[in-house]
Amino acid sequence: MDFSLSNLSTNKTDGQQHVEVLVIGSGPAGLTAALYAARADLNPVVLAGMDLGGQVSLTYTVENYPGFPEGVGGAEMVELFQKQAERFGAKVEFDTATEVDLSKRPLRVKTYNGEYLAETVIITTGATPLHLNVPGEKEMTGRGVSYCATCDGWFFKDKDVVVVGGGDSALEEAIFLTRYAKSVTIVHRRDSLRAGVILQNRAMENPKITFVWNAVVTQILGGEAVHGVRLKDTVTGEEREHATDGVFIFIGHKPNTELFEGQLEIDELGYLIVDKLMHTRVAGVFAAGEAADPHFRQVITSAGMGAAAAMQAIHFIQEQASDEPQTPVLVKSES
Ligand SMILES: Cc1cc2nc3c(=O)[nH]c(=O)nc-3n(C[C@H](O)[C@H](O)[C@H](O)COP(=O)(O)OP(=O)(O)OC[C@H]3O[C@@H](n4cnc5c(N)ncnc54)[C@H](O)[C@@H]3O)c2cc1C
């Protein structure tokens, strides 16, 4: 079936490339969107950004994605996603979107290497968990340092773990971790929590949870695996080591959506607002995965949103081919 707009697929002129589907981001959402668009013969181009494969490529093993009963390495998994999309004609470019103009058709996306004129854009720029930026953190990410309890909690059965943070997500994740861990120590830089009272009570009543107040982690200790953290008292300045098998960092999450400020609806936390069909407020522009999802933040949910966004992009292109409006139509968001 060929319903492409005058078969343009990917035409290159004067450093500009005309594409039907431009996917911004190469994480699970982006590569899944690319797979669906490629299987509709739309030759999607994927801008990989700085992190080919996205966040999950950082993790050692993924055990909660169906189809891999023995688990799969994060990097290996997204490599498979990429191969599958490429098999049907998706093109992954090692390039980053630097500027967008979504106010007229075709939609314009500038990158370090050129400019794309796109009939549809699927935004899957993901989010970045905030880091402590202390020695040992980067080196041991996926080897004891984690930003996702749902993903990695299971690996800490009967182990001692530290949770860093004092907000709702830190406490929720700490409580979740008590299903597996022998003990959970919450390290918080102040002497009171930002989290809601009910959550605070639940955490304080949990016999596996203890708190270290007025303390920050200044170093993560270990090598192949984590064996401790160095803590600094924010009041006295005193430093000490605390033995632990894992460090879960929940000090916030930042969606990568600055590029779209002023052009798309963005909520107060920085997430793109989409309706349940992944539409943004600009017709032909869709968003999927963690850039538009403050809740689930998993590979499977991001991939699912990516598939849904691509299905809507395909539908949009079909409609355009039969009745082509020349200016972007604002779609009312339902969120
Ligand atoms: C350490 C760790 C372990 C995890 N483990 C698991 C697990 O076991 N199971 C699980 O289900 N989930 C896990 N997660 C969560 C999972 O990784 C995310 O939910 C998922 O990767 C989100 O996919 P995404 O495609 O929406 O965005 P991301 O994976 O964040 O990808 C965003 C993509 O956008 C690109 N990008 C950003 N800006 C631009 C730009 N301007 N131009 C072009 N490209 C751009 C980036 O380069 C990247 O490729 C883990 C997360 C972390 C951090």
Side-chain angles (χ1 to χ4, degrees), residues 22-35 45-68 71-79 81-82 85 92-100 109-113 116 121-131 137-138 140-155 173 246-250 252-261 270-272 274 278 286-310:
L22 182 69
V23 180
I24 310 181
S26 61
L31 293 173
T32 307
L35 169 66
V45 169
V46 178
L47 300 179
M50 304 304 279
D51 302 307
L52 175 66
Q55 296 171 61
V56 74
S57 54
L58 289 177
T59 199
Y60 191 61
T61 314
V62 177
E63 294 198 327
N64 57 2
Y65 193 87
F68 297 95
V72 57
E76 186 191 342
M77 175 189 226
V78 278
E79 202 182 312
F81 280 22
Q82 181 181 343
V92 177
E93 296 284 0
F94 293 91
D95 203 354
T96 297
T98 53
E99 212 179 305
V100 297
V109 177
K110 283 195 179 157
T111 67
Y112 287 128
N113 298 331
Y116 289 85
V121 170
I122 303 177
I123 301 167
T124 64
T125 46
T128 312
L130 296 182
H131 294 183
E137 180 179 16
K138 197 168 170 199
M140 282 177 272
T141 293
R143 299 176 184 279
V145 175
S146 173
Y147 304 87
C148 177
T150 314
C151 316
D152 297 328
W154 192 89
F155 299 110
E173 304 279 338
V247 184
F248 286 81
I249 300 163
F250 304 114
H253 224 78
K254 192 174 165 297
N256 303 316
T257 56
E258 295 95 335
L259 202 56
F260 311 102
E261 275 169 15
Y271 291 92
L272 291 168
V274 289
M278 309 298 133
F286 307 86
E290 286 204 15
D293 171 22
H295 303 293
F296 302 112
R297 306 203 301 230
Q298 294 291 289
V299 174
I300 186 115
T301 49
S302 301
M305 288 174 83

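Counting starts at 1 for both ligands and their atoms, following the listed order.
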Q. Where on C151 is there a heavy atom closer than 4.0 Å to ligand 1, on the side chain, on the backbone, on both, or on neither?
A. both
Q) Got the closest protein heavy atom to atom 27 (O) of ligand 1, with its distance? A) G126 CA, 3.3 Å
Q) Mind checking whether G289 has an N or O less than 3.5 Å away from an N or O of ligand 1? A) no
Q | Close-contact set for ligand 1 against G25 heavy atoms, below 4.0 Å | A | 33 (C), 34 (O), 35 (C), 44 (N)
**Q.** Flag side-chain contact, heavy atom, 4.5 Å: I24 against F260
**A.** yes
Q | atom 41 (N) of ligand 1: nearest protein contact (heavy atom, Å) | A | A97 O, 3.1 Å
**Q.** For T96, the ligand 1 atoms whose distance to one of its heavy atoms is below 4.0 Å
**A.** 40 (C), 41 (N), 42 (N), 43 (C)
Q) Quick one: are the ring centres of H253 and Y147 less than 6.0 Å apart? A) no
(Q) Ignoring hydrogens, what is the shortest heavy-atom contact between A309 and I122? Give both atom names and the distance. (A) CB-CG2, 3.8 Å
Q | Note, V56 side chain near P28 side chain (heavy atom, < 4.5 Å) | A | yes
Q. At what distance is the nearest protein heavy atom to atom 16 (C) of ligand 1, and which residue and atom is it?
A. V299 CG2, 3.9 Å
Q.
If you measure every N or O of D95 against every N or O of ligand 1, does any of those distances drop under 3.5 Å?
A. no
Q. Is there any N or O on D51 that sits under 3.5 Å from an N or O of ligand 1?
A. yes
Q) What are the atoms of ligand 1, with element, lying closer than 4.0 Å to any heavy atom of A29? A) 25 (O), 26 (O)
Q: Give the residue, atom name and distance (to 0.1 Å) of the protein heavy atom nearest atom 22 (C) of ligand 1.
A: S302 OG, 3.3 Å
Q) About how many Å separate CD of E290 and OG1 of T257, when rounded to the nearest 0.5 Å? A) 12.0 Å
Q. Does N64 approach ligand 1 within less than 4.0 angstrom via side chain, backbone, both or neither, non-hydrogen atoms only?
A. side chain
(Q) Could you go through N256 and T128, starting from their C-alpha distance and side-chain angles, then the distance that decides it, and tell me whether this counts as side-chain hydrogen bond (donor to acceptor under 3.5 Å, both in side chains)? (A) CA-CA 7 Å; N256 303 316; T128 312; 3.0 Å; yes
(Q) Judged on heavy-atom distance to atom 21 (O) of ligand 1, which of P28, G54, A292 sits nearest? (A) P28
**Q.** Element-labelled atoms of ligand 1 that are located less than 4.0 Å from some non-hydrogen atom of G49
**A.** 43 (C), 44 (N), 45 (C), 47 (O)
Q. Would a 4.5 Å heavy-atom cut-off, applied to side chains only, mark V23 and T124 as touching?
A. yes
**Q.** Nearest-contact summary for atom 38 (N) of ligand 1 - protein heavy atom, Å
**A.** T125 CG2, 3.6 Å
Q) Does A48 reach ligand 1, in the sense of a heavy atom lying below 4.0 Å from it? A) yes
Q) Quick one: nearest non-hydrogen protein atom to atom 51 (C) of ligand 1, plus distance? A) Q55 OE1, 3.9 Å
Q | Element-labelled atoms of ligand 1 that are located less than 4.0 Å from some non-hydrogen atom of A127 | A | 30 (O)
Q) In terms of ring plane angle, is the pair F68 and Y65 parallel, tilted or perpendicular, where the classes change at 30° and 60°? A) tilted
**Q.** D152 side, atom CG; E63 side, atom CD - distance, nearest 0.5 Å
**A.** 9.0 Å
Q) Could an N or O of ligand 1 be found under 3.5 Å from any N or O of Y147, whether backbone or side chain? A) no
Q) Can you tell me how far the CD atom of Q82 sits from the OG atom of S57, to the nearest 0.5 Å? A) 10.5 Å
Q | Check: S26 N/O within less than 3.5 Å of ligand 1 N/O | A | yes
**Q.** Which residue and heavy atom of the protein sit nearest atom 2 (C) of ligand 1, plus the separation
**A.** T59 CB, 4.1 Å
Q: Please identify each residue that fulfils side-chain hydrogen bond (donor to acceptor under 3.5 Å, both in side chains) with T111, with sequence neighbours left out.
A: D95
Q: Answer yes or no: is there a donor N or O on one side and an acceptor on the other, between the side chain of S302 and the main chain of A29, under 3.5 Å?
A: no
(Q) Under 4.0 Å, heavy-atom basis, I'd like to know which part of Q298 is in contact with ligand 1: side chain, backbone, both or neither. (A) both
**Q.** For T124, atoms of ligand 1 separated by under 4.0 Å from a heavy atom
**A.** 32 (C), 33 (C), 34 (O)
Q) Backbone, side chain, both or neither: what part of A291 comes under 4.0 angstrom of ligand 1, heavy atoms only? A) neither
Q | Closest approach of any protein heavy atom to atom 19 (O) of ligand 1, naming residue and atom | A | E290 OE2, 2.5 Å
(Q) With respect to V62, determine whether any N or O atom, backbone or side chain, lies less than 3.5 Å from an N or O atom of ligand 1. (A) no
Q: Sequence neighbours left out, what passes side chain to side chain contact (heavy atoms under 4.5 Å, CB included) with A287? Give chain and number order.
A: I123, L272, V274, T280, A292
Q) Could you give the distance from SG (C151) to CD (Q55), rounded to the nearest 0.5 Å? A) 9.0 Å
Q) Rounded to the nearest 0.5 Å, how far apart are CZ of F296 and OG1 of T150? A) 11.5 Å
Q) Short list, please: which atoms of ligand 1 are under 4.0 Å from a heavy atom of R297? A) 15 (C), 19 (O)
(Q) Once rounded to the nearest 0.5 Å, what's the spacing between atom CG of L259 and atom OG1 of T98? (A) 7.5 Å
**Q.** Residue part near ligand 1, for V56, under 4.0 Å between non-hydrogen atoms
**A.** both
